[in-house]
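Here's the structure, in structure tokens; my notes come after.
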Amino acid sequence: MHSDGNNPIPSRAETIKVLRLMGDYAPILMLAGDKDGYGARWTIDGHPVEPAIARYLMESDLVVDSGATELGVRKLVLTAAGVEFRKNGLRWWDSLNLFQKLGIMIRG
């Protein structure tokens, strides 16, 4: 799971967890509120998503706004590039041994 170099992947183990939770159907919910347009909080299936991860996914065009819920919460779903990124990331994570995974979880 490598970034393009210009935009490093934040907390790679946590990013993989978010991508795994998203699967093919679960969107990230963005509760709007910040002036910069990124929203104040993000969740997926009731789990919080770190702002750095949500921003990375949005700025890298890996998720796209697919509309609002009845309560005005924005739904962010994977783009085609996001689906490919998720697939490659999960394959990369599965290729690591236990010690490599622990090192990534500790170092980010």
Side-chain angles (χ1 to χ4, degrees):
M1 179 171 201
H2 303 286
S3 69
D4 60 10
N6 297 333
N7 200 3
I9 300 169
S11 184
R12 293 179 294 172
E14 192 67 25
T15 299
I16 286 289
K17 180 180 173 185
V18 168
L19 292 170
R20 186 173 284 125
L21 284 171
M22 287 187 82
D24 294 327
Y25 305 106
I28 293 176
L29 299 178
M30 179 178 78
L31 297 112
D34 284 352
K35 296 174 197 166
D36 63 5
Y38 288 115
R41 292 181 48 176
W42 298 267
T43 64
I44 184 164
D45 276 347
H47 302 280
V49 176
E50 292 179 25
I53 293 172
R55 285 192 177 113
Y56 173 81
L57 294 173
M58 288 188 295
E59 290 172 356
S60 300
D61 296 324
L62 300 174
V63 295
V64 65
D65 187 339
S66 70
T69 67
E70 302 80 36
L71 300 174
V73 176
R74 306 307 298 179
K75 296 182 292 186
L76 305 175
V77 296
L78 291 171
T79 62
V83 170
E84 188 67 23
F85 182 77
R86 177 184 180 273
K87 184 174 74 173
N88 291 337
L90 293 175
R91 186 180 315 120
W92 167 78
W93 186 256
D94 290 342
S95 74
L96 301 176
N97 66 41
L98 177 63
F99 295 110
Q100 291 169 316
K101 289 178 182 178
L102 286 173
I104 289 168
M105 285 192 258
I106 292 168
R107 290 185 314 238

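The structure places OH of Y56 at 11.0 Å from CZ of R12, a figure rounded to the nearest 0.5 Å. For the atom pair OG1 (T15) and CZ (F85), the distance works out to 7.0 Å, reported to the nearest 0.5 Å. Between T69 atom OG1 and R74 atom CZ the span is 8.5 Å, to the nearest 0.5 Å.
Among residues at least two apart or in separate chains, salt bridge (charged side-chain N to carboxylate O under 4.0 Å, His left out) pairs with a member in residues 85-98 are E84-K87.
Taking the side chain as every heavy atom from C-beta outward, E50 and P10 never approach each other to under 4.5 Å.
Evaluated for a side-chain contact (heavy atoms from CB on, under 4.5 Å) with L29, the options V73, I44, L76 yield exactly one hit, V73. The one candidate from I9, V64, V63, V49 that meets the side-chain contact (heavy atoms from CB on, under 4.5 Å) condition with L57 is V63.
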List the atom pairs, with distances to 0.1 Å, where a side-chain N or O of residues 99-107 and a protein N or O form a donor-acceptor pair under 3.5 Å, not counting sequence neighbours.
| from | atom 1 | to | atom 2 | distance (Å) |
| --- | --- | --- | --- | --- |
| Q100 | OE1 | N97 | N | 2.8 |

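Distance alone, capped at 3.5 Å, is enough to place a donor-acceptor pair between the T79 side chain and the D61 backbone.
In this structure, V83 is a member of the same hydrophobic cluster as I28, with clusters built from ILVMFWY side-chain heavy atoms closer than 4.5 Å. No chain of hydrophobic side-chain contacts below 4.5 Å, direct or via other Ile, Leu, Val, Met, Phe, Trp or Tyr residues, connects L90 to Y25. Grouping the Ile, Leu, Val, Met, Phe, Trp and Tyr side chains by contacts below 4.5 angstrom, directly or via other members, places V77 apart from L21.
Taking every heavy atom of both residues into account, P27 and K75 meet most closely at CB-CB, 4.1 Å.
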